[in-house]
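The structure displayed is predicted, hence computed values, not measured ones.
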Amino acid sequence: MTQRQDPLRGRPNRTPPRRRSRRQGRAAGLLLLPLLLGAWMMWDGSRTSQPPEPSAAQAFTGPSTAIAPVPAPVPSLKPLPPSPPVRVRIPVIGVDAPVTALGLDATGRLATPDDRNRNLAGWYRGGVTPGQLGTAILDGHVDTWGGPAVFYNLGSLRKGHQVQLLRKDGRTAVFSVDAVEVYAKDRFPSAKVYHAAPDAEIRLITCGGSYTRAGGYNGNVVVYAHLVATR
């Protein structure tokens, strides 16, 4: 993949492969290959610290492959019916943010949340909803021109930490983190990240890796988690 500069946002992007056409009714079974992410870095580069990155201990162990992650260590609960997320909470890193629905932009890339609001996450509305059978995708900026954003501390999550997704139907889906990994953008394992899970899972994604003012972030941080409770 090559990188190009987005003149509208001043951020480096990665051009994704062409999106495959599928029926919307089969969204829960999709292999979400086209949702490749841009580098959502817009801070001016004058900061003295980088966002935290996951340690090797937080990566998958065992038979994880480029096609699919290892199964969740504890079976997920019975999946919930569809209902869009309205808020994401990650108490251990202080995240409590509204969630907006996102589609694909004109180039076939996953759109990003409004960068004027640093405390805003996005959910891919073309896939499943959190708690539903399959893999729900959420993303957020690591930072913007205004400074650290909603998923700035995503790389500090650890296995067993909880992610709460509040849904429009009033239910809350609680997920336990299975792994946190960081990937170079030119080696992003799309099949593994967007794999259609056999249970209810989520992926939280933001930018990560090393950063240069000229090129932005060179990678993505991905959190894998599975459903462990509902209320």
Side-chain angles (χ1 to χ4, degrees), residues 27-33 35-37 54 58-60 64 68-93 95-102 110 112-113 120-142 150-151 153-169 171-183 188-208 220-231:
L30 289 180
L31 187 64
L32 301 176
L33 291 177
L35 306 184
L36 301 182
L37 306 172
Q58 303 312 313
F60 280 114
S64 180
V70 294
V74 178
S76 290
L77 300 182
K78 180 180 179 180
L80 295 172
S83 182
V86 297
R87 198 162 195 89
V88 57
R89 290 176 179 158
I90 313 176
V92 72
I93 59 172
V95 170
D96 186 353
V99 177
T100 186
L102 301 174
L110 179 63
T112 60
L120 181 66
W123 158 70
Y124 175 55
R125 64 172 178 255
V128 302
T129 63
Q132 189 180 356
L133 179 66
T135 304
I137 306 297
L138 290 98
D139 64 50
H141 293 286
V142 65
V150 60
F151 281 170
N153 288 310
L154 207 63
S156 67
L157 287 179
R158 300 291 182 263
K159 295 175 181 178
H161 283 166
Q162 290 195 343
V163 178
Q164 304 167 11
L165 270 297
L166 287 66
R167 302 169 12 128
K168 189 175 181 179
D169 63 4
R171 304 179 80 169
T172 297
V174 181
F175 297 82
S176 178
V177 172
D178 298 316
V180 188
E181 299 190 337
V182 61
Y183 309 112
F188 190 84
S190 299
K192 177 179 176 180
V193 174
Y194 304 128
H195 179 74
D199 51 8
E201 299 187 14
I202 57 170
R203 306 286 185 264
L204 305 178
I205 309 173
T206 195
C207 285
N220 288 112
V221 172
V222 180
V223 174
Y224 299 78
H226 71 283
L227 184 69
V228 293
T230 62
R231 55 177 184 260

Measuring only between side-chain heavy atoms, which start at C-beta, is Val222 closer than 4.5 Å to Leu204? no

For Ala101, give me all partners under side chain to side chain contact (heavy atoms under 4.5 Å, CB included), at least two apart in sequence or on another chain. Trp123, Arg125

Identify, with sequence neighbours excluded, every residue that meets ring pair (Phe, Tyr, Trp, His ring centres under 6.0 Å) alongside Phe175. none

So, Lys159 side chain and Val180 main chain: donor-acceptor pair closer than 3.5 Å or not? no

Quick one: closest heavy-atom pair of Phe151 and Ile205, and the distance? CD1-O, 3.7 Å

Of all residues at least two apart in sequence or in a different chain, which pass the salt bridge (Lys or Arg N to Asp or Glu O under 4.0 Å) check with Asp169? Arg167

Correct closest heavy-atom pair for Pro85 and Pro130 would be CD-CD, 3.6 Å

Which atom names give the shortest non-hydrogen contact between Gly160 and Ser176, and what distance separates them? CA-OG, 3.6 Å

Among all residues two or more places apart in sequence or in another chain, which pass the side chain to side chain contact (heavy atoms under 4.5 Å, CB included) test with Val174? Gln162, Gln164, Thr172, Val228, Ala229, Arg231

Tell me, do Leu227 and Asp199 make a side-chain contact under 4.5 Å, heavy atoms counted? no

Are any non-hydrogen side-chain atoms of Val223 and Leu154 less than 4.5 angstrom apart? yes

For Arg87, which residues count as a salt bridge (Lys or Arg N to Asp or Glu O under 4.0 Å) partner, sequence neighbours excluded? Asp96

Between Glu201 and Tyr224, is any pair of side-chain heavy atoms under 4.5 Å apart? no

Using atom types as modelled and distance alone, determine if a side-chain donor or acceptor of Thr206 lies under 3.5 Å from a backbone N or O of Val142. yes

Show, in sequence, the C-alpha distance, side-chain angles and deciding distance for Glu181 and Gln58, and conclude whether the side chain to side chain contact (heavy atoms under 4.5 Å, CB included) test is met. CA-CA 7 Å; Glu181 299 190 337; Gln58 303 312 313; over 6 Å; no

Which pair of non-hydrogen atoms, one from Ile90 and one from Leu157, has the smallest distance, and what is that distance? CG2-CD2, 3.7 Å

Arg158 backbone acceptor or donor facing His161 side chain under 3.5 Å: yes

Is the shortest heavy-atom distance from the side chain of Leu138 to the side chain of Leu165 under 4.5 Å? yes

So do Leu102 and Asp139 actually touch side chain to side chain, heavy atoms under 4.5 Å? yes

Student check: side-chain heavy atoms of His141 and Thr112 closer than 4.5 Å: yes

Minimal heavy-atom distance between Pro113 and Ala121, with the atoms involved, is CG-C, 3.9 Å

Those residues at least two apart in sequence (or on a different chain) that pass side chain to side chain contact (heavy atoms under 4.5 Å, CB included) with Val150 are Val95, Ala97, Asn119

Under 4.5 Å between any side-chain heavy atoms of Val221 and Pro54, yes or no? yes

Can you tell me how far the CG atom of Leu80 sits from the CD atom of Gln132, to the nearest 0.5 Å? 9.0 Å

Can you name the nearest heavy-atom pair linking Thr129 to Ala136, along with the distance? C-CB, 3.9 Å

